[in-house]
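Convention: sequence-line order gives letters A, B, ...; per-chain numbering from 1.
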There are 2 protein chains.
Amino acid sequence: MKSPTWKQRIQRSLHLSRSKPESKYFQVASIGIEGQPKARTMVFRGFSELQTQFVAVTDIRSEKYDEFTKNKQAEVCWYFAKTREQYRLSCSVNLHTSGSLVKYYWNCLSSSAKNSFSLPHPKVPIELNPCDSLQEEVKSTESSDTLLEQFISPNFVVIEFVPFCCDYLNLKSKPQLRTIELLNDENQWHATTVNA
Amino acid sequence: MKSPTWKQRIQRSLHLSRSKPESKYFQVASIGIEGQPKARTMVFRGFSELQTQFVAVTDIRSEKYDEFTKNKQAEVCWYFAKTREQYRLSCSVNLHTSGSLVKYYWNCLSSSAKNSFSLPHPKVPIELNPCDSLQEEVKSTESSDTLLEQFISPNFVVIEFVPFCCDYLNLKSKPQLRTIELLNDENQWHATTVNA
């Protein structure tokens, strides 16, 4: 399958913005458990080399894991301030809790990122943390960094975004350029230039 | 009503990042016409001075106008790269097409922003633009800038975001600080510090 124009463009944007924070993360919209819109920043962990999929990671105890378990739709909004380009990627989402992708991306994490998966449960009020076990937990992670890094945390999840549409906007070009690129039934990407 | 902690914090973030692009815009999640998640970047047009509402503007012919007409929920995700702070603001949305807010924010727009409301219909394929009328339109906007600016475009819409929850995350503090601040039934904001 031919690489879509948006992927070629996004790789250029990533290169031009490689020293900028916006090359490191994007915003993701999902559907909340009660059907409400949700938006959060997630760290970009990389593209599939030959395909259009890309990856973020999360904690199985996080709200976004529950949301994506219930509704596997996402829209990723990636804005590059330096080049004034926006990519809106409509995606379906695959969650991976085991397998080669999980192993690969776990090994890409820093030690502190690995340790974050054994911290107390996200979004629980701090005063509800069991003090003794927390201290124990912290102590044990301090004394067993090497051990921890060998074993993939059971809380670690790889989120694979599989795009089927890209709405690309370039605010620098005159007039502004907007292209909608869609994956059709024959698995081919087809682009239409539209009014911004 | 006492100003919530998140508003005091966001004003500080805006000040510290005033020279950075991230002080100019945020990302907004909405529910698409078919129930799908949507995410887009929108330009921040300002806070209500005494309250917690804030404003963006759009074109009545845009998809987001249709989406917010159907479903008045939004979540705004505002990430400040410099200070490594994220605000996730769950909001209800009010759409204004006339009245004092519309007049006020129309007058805040630059000439080129004002002109954008008389450009061809957003998201229509460029080859479908009626060539003659487009040329006419462009000509007419060129020759009537002053006239245009006096009259508010009927396509101009003010989107007012009314927050009822802020999920604040500070990635710089050690350990990371996360606070959930909720507007309760007595119209008071109440904050809880939770695990990040």
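- Linking Ile, Leu, Val, Met, Phe, Trp and Tyr residues whenever their side-chain heavy atoms come within less than 4.5 Å leaves B/Val57 and B/Val162 in two separate clusters.
- In terms of hydrophobic clustering, with Ile, Leu, Val, Met, Phe, Trp and Tyr side chains grouped at heavy-atom distances under 4.5 Å, A/Ile126 and B/Ile180 are assigned to different clusters.
- Heavy atoms closer than 4.5 Å to chain A are found in the side chain of B/Gln86, but not in its backbone.
- Contact of the B/Cys77 side chain with the A/Thr41 side chain is registered, since non-hydrogen atoms from C-beta on lie closer than 4.5 Å.
- Most heavy-atom pairs under 4.5 Å with chain A, from the set B/Gln73, B/Lys123, B/Gln27: that is B/Lys123.
- Within the 4.5 Å cutoff, the side chain of A/Val194 has no heavy atoms near those of the B/Val124 side chain.
- The hydrophobic clustering, which links ILVMFWY residues whose side-chain heavy atoms are closer than 4.5 Å, places B/Tyr79 and B/Val76 apart.
- Follow the hydrophobic side-chain contacts under 4.5 Å out from A/Tyr87 and you reach A/Phe47 in the same cluster.
- Not counting sequence neighbours, A/Tyr65 has no partner by the ring pair (Phe, Tyr, Trp, His ring centres under 6.0 Å) test.
- Within residues 8-26 of chain B, the residues that have a heavy atom under 4.5 Å from a heavy atom of chain A are B/Pro21, B/Tyr25, listed by number.
- In terms of hydrophobic clustering, with Ile, Leu, Val, Met, Phe, Trp and Tyr side chains grouped at heavy-atom distances under 4.5 Å, B/Tyr104 and B/Phe117 are assigned to a common cluster.
- Only the backbone of B/Ser30 comes within less than 4.5 Å of a heavy atom of chain A; no side-chain atom from C-beta onward does.
- Within a 6.0 Å radius of NE2 in B/His190, no more than 12 heavy atoms belonging to other residues, nucleotides or ligands are found.
- What you find for B/Ile31 and A/Pro37 is that their closest heavy atoms are CD1-N, 3.6 Å.
- Looking only at side-chain heavy atoms (C-beta outward), A/Glu75 and B/Arg40 stay at 4.5 Å or farther from each other.
- Within the 4.5 angstrom heavy-atom criterion, only backbone atoms of B/Ala74 (N, CA, C, O) approach chain A.
- Contact annotation: the side chain of B/Asn195 never approaches that of A/Leu119 to less than 4.5 Å [non-hydrogen atoms, C-beta and beyond].
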